[in-house]
Amino acid sequence: VGLPGGLALGAEGTLYFSDARHGTISRIVDPLGKAELQPFAGDRKTPGNAVDGPVPAIEARFSDPEGLAFGPDGALYVADAGHHRIRRIDLAQAGNPVTIYAGGHAKPGDGGGYLDEDNGWKAQFRRPVGLAFGARGLYVTTGGDGRIRLVLPGKDGISGPVTTVGGGNPQPTAGDRPAFLTRLEVLGGIAAGPDGRLFLAEAGGPRLRTWRPDGWITTLRFGPEGPAWKRPVAVGNGPGGILYAGDAESREVWELKPGT
């Protein structure tokens, strides 16, 4: 394992994780018993650009894969940060074919871009890093330009429209603000709460943030006993409203109870 990135737990109890350094996705079968590490997707021996059409998972090429998320269709979605695309891995078909879900017009080495589109294939992203499915669709954090994007579902494994729901202000901001007037610096992971809120790891803040459905972004506060963030990069949901957050610089994982 080179540089672990995103994690996703499958319905059958298999744990999947991305390796940004090697451009691969591996899985741990039966993580609660006799664990077995298996290669799953990504060809680490043949570096190169992403292939647009369906390709068997083990032959696919990723560049700095980060966030992972299982969709309501059972497919595994990958934030292919270096290719500025969202990829979809179909676990129901033989060979687990990999396709481009959104951001298909990205050119290798162009640094990505920013464009909302009615057709997700034509939308542009700048280093997508975090993925989380909510009630409306797939939420994406982009580390390259500090935005939160929403990819609405389409049909037959193809994405619908892509819109921006927060971030992108080039000017420094402080405090709680309307989502589109907020600057988000070096976004990392994202988690979707059952009440429609999104939880964001803002590594450049450094802080944890909340995007609310009413169009505001606020800072999560945990009182004097809470963490002194240095570089939070990951956030995930736990039972009973608990949040888990990982700090890359302090090498700590926190269990947090918002609002307490």
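Just the heavy atoms: all of them, side chains too, but no hydrogens, waters or symmetry mates, feed the values below. Along the sequence shown, residues carry numbers from 1. Predicted model, so just to flag it, every value in this text is computed and none were measured.
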Q: Quick one, Phe17 with Ser26, criterion side-chain contact (heavy atoms from CB on, under 4.5 Å). Give me CA distance, side-chain angles, the key distance, then yes/no.
A: CA-CA 6 Å; Phe17 67 91; Ser26 300; 3.6 Å; yes
Q: Ignoring hydrogens, what is the shortest heavy-atom contact between Ile86 and Pro128? Give both atom names and the distance.
A: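 Where Ile86 meets Pro128 most closely, the heavy atoms are CD1-CB, 3.7 Å.
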Q: Is atom CZ of Arg231 surrounded by more than 12 heavy atoms (other residues, nucleotides or ligands) closer than 6.0 Å?
A: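 Open.
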Q: How would you list all residue pairs meeting salt bridge (Lys or Arg N to Asp or Glu O under 4.0 Å) that involve residues 237-251, not counting sequence neighbours?
A: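 Applying salt bridge (Lys or Arg N to Asp or Glu O under 4.0 Å) to every pair that reaches into residues 237-251, excluding sequence neighbours, yields nothing.
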Q: Side chains of Arg209 and Thr219 only: does a donor on one sit below 3.5 Å from an acceptor on the other?
A: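 There is such a pair (donor and acceptor under 3.5 Å, judged by atom type) between the side chains of Arg209 and Thr219.
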Q: How many angstroms lie between atom CD of Glu202 and atom CG of Leu220, to the nearest 0.5 angstrom?
A: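 Rounded to the nearest 0.5 Å, the CD-CG separation comes to 11.5 Å.
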Q: If I take atom OG1 from residue Thr163 and atom CD1 from residue Ile148, how far apart are they, to the nearest 0.5 angstrom?
A: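 Atom-to-atom, Thr163:OG1 and Ile148:CD1 are 11.0 Å apart.
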Q: Parallel, tilted or perpendicular: which fits the ring planes of Tyr16 and Phe70, with parallel below 30° and perpendicular above 60°?
A: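 Ring orientation of Tyr16 relative to Phe70: perpendicular.
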Q: Using every non-hydrogen atom in the two residues, find where Pro65 and Gly23 come nearest and quote the distance to one decimal.
A: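 Smallest heavy-atom distance, with atoms named: CD-CA, 3.7 Å.
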Q: Give a yes or no on whether the backbone of Val165 and the side-chain of Trp211 come within a donor-acceptor separation of less than 3.5 Å.
A: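 Indeed, once roles are kept as given, a pair shorter than 3.5 Å links the two residues.
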Q: Would you say the side-chain atoms of Arg197 pair up with the backbone N or O of Arg212, donor to acceptor, closer than 3.5 Å?
A: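 Flag not set: sc Arg197 to bb Arg212 has no pair under 3.5 Å.
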Q: Could you state whether Ile28 and Leu7 fall into the same hydrophobic cluster, counting links through intermediate Ile, Leu, Val, Met, Phe, Trp or Tyr residues with side-chain heavy atoms under 4.5 angstrom apart?
A: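 Yes, Ile28 connects to Leu7 through the hydrophobic network.
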Q: Could you give the distance from OG1 (Thr218) to CZ (Arg177), rounded to the nearest 0.5 Å?
A: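 Here the interatomic distance stands at 13.5 Å.
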Q: Could you tell me which non-hydrogen atom of Ile242 sits nearest to which non-hydrogen atom of Glu255, and how far apart they are?
A: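 Minimum heavy-atom separation between Ile242 and Glu255: CG2-CG, 3.4 Å.
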Q: Do Glu252 and Lys230 have side-chain heavy atoms sitting under 4.5 Å apart?
A: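 A side-chain contact is absent here, since even the closest heavy-atom pair is not under 4.5 Å.
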Q: Keeping Thr173 on the side-chain end and Thr182 on the backbone end, is there a donor-acceptor pair under 3.5 Å?
A: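 Pair absent, no side-chain N/O of Thr173 close to backbone of Thr182.
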Q: Enter the distance from Glu59:CD to Asn96:CG here, rounded to the nearest 0.5 Å.
A: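 If we round to the nearest 0.5 Å, Glu59:CD and Asn96:CG are 12.0 Å apart.
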Q: Determine whether Ser18 and Val78 make a side-chain contact, defined as any pair of heavy atoms from C-beta on separated by less than 4.5 Å.
A: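 Ser18 does not reach Val78 side chain to side chain.
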Q: Do Leu9 and Leu37 sit in the same hydrophobic cluster, where Ile, Leu, Val, Met, Phe, Trp and Tyr count as joined when their side-chain heavy atoms come under 4.5 Å apart?
A: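 Shared cluster, yes.
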Q: Write down the atom of Gly238, the atom of Tyr244, and the distance for their closest heavy-atom approach.
A: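 It is CA-CE1, 3.7 Å.
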Q: So, do Leu181 and Gln171 sit near enough that their side-chain heavy atoms are less than 4.5 Å apart?
A: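 Answer no - side chains too far apart.
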Q: So how far is it from Leu150 CG to Leu138 CG, rounded to the nearest 0.5 Å?
A: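 Reported value, rounded in 0.5 Å steps: 8.0 Å.
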Q: Please answer: with hydrophobic residues joined when any side-chain heavy atoms are less than 4.5 Å apart, are Phe125 and Leu131 in the same cluster?
A: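 Looking at the clustering, Leu131 is in the same group as Phe125.
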Q: Might you point out which heavy atoms bring Asn169 and Phe180 nearest each other, and give the distance in Å?
A: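 Smallest heavy-atom distance, with atoms named: CB-O, 4.4 Å.
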Q: Do you reckon Phe40 sits in the same ILVMFWY cluster as Leu68, going by side-chain contacts under 4.5 Å, direct or chained?
A: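 Cluster IDs for Phe40 and Leu68 match.
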Q: Mind listing the closest non-hydrogen atom pair of Gly120 and Val162 along with its distance?
A: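 Taking Gly120 first and Val162 second, the nearest heavy atoms are CA-CG2, 3.7 Å.
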Q: Please say which of Arg85, Arg61, Arg87 ends up in a salt bridge (Lys or Arg N to Asp or Glu O under 4.0 Å) with Asp80.
A: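 Checked Arg85, Arg61, Arg87 against Asp80; only one passes salt bridge (Lys or Arg N to Asp or Glu O under 4.0 Å): Arg87.
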Q: Enter the distance from Tyr139:OH to Leu200:CG here, rounded to the nearest 0.5 Å.
A: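 One gets 11.5 Å once the value is rounded to the nearest 0.5 Å.
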Q: Are more than 12 heavy atoms, taken from residues, nucleotides or ligands other than Arg136, located less than 6.0 Å from that residue's CZ atom?
A: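 Atom CZ in Arg136 is not packed in, count stays at 12 or less.
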Q: Ignoring hydrogens and angles, tell me if any N or O in the side chain of Asp64 forms a donor-acceptor pair with the backbone of Ala81 under 3.5 Å.
A: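 Side chain of Asp64 to backbone of Ala81, a donor-acceptor pair under 3.5 Å: no, none is there.
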Q: Go through it in stages, so that I can follow the logic: the residues are Asp73 and Arg88, the test is side-chain contact (heavy atoms from CB on, under 4.5 Å), and I'd like the CA-CA distance, side-chain angles, deciding distance and then a yes or no.
A: CA-CA 11 Å; Asp73 58 355; Arg88 178 181 183 271; 3.0 Å; yes
Q: Is Phe133 reachable from Val129 through a run of I, L, V, M, F, W or Y residues, each pair having side-chain heavy atoms under 4.5 Å apart?
A: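 As far as the 4.5 Å side-chain criterion goes, Phe133 and Val129 are not connected within one cluster.
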Q: Does Asn237 reach the side chain of Pro194, with side-chain heavy atoms less than 4.5 Å apart?
A: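 No - every pair of side-chain heavy atoms lies 4.5 Å or more apart.
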Q: Between Ile158 and Trp121, is there a side-chain heavy-atom distance shorter than 4.5 Å?
A: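 No, too far: nothing below the 4.5 Å cut-off.
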Q: Is it true that the side chains of Tyr114 and Thr142 contain a donor and an acceptor less than 3.5 Å apart?
A: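 No pair is found: no donor N or O on one side chain lies under 3.5 Å from an acceptor on the other.
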Q: Start with the C-alpha distance between Val29 and Gln38, add both sets of side-chain angles, then the distance that settles side-chain contact (heavy atoms from CB on, under 4.5 Å), and finish with yes or no.
A: CA-CA 7 Å; Val29 179; Gln38 298 177 346; 3.3 Å; yes
Q: Could you list the residues that satisfy side-chain contact (heavy atoms from CB on, under 4.5 Å) with Ala41, not counting sequence neighbours?
A: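 Partners of Ala41 under the side-chain contact (heavy atoms from CB on, under 4.5 Å) test: Ile25, Ala57, Phe62, Ile89.
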Q: Side-chain contact test, heavy atoms from C-beta onward, threshold under 4.5 Å: evaluate it for Leu184 versus Ile217 and give yes or no.
A: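 Leu184 vs Ile217: side chains touch.
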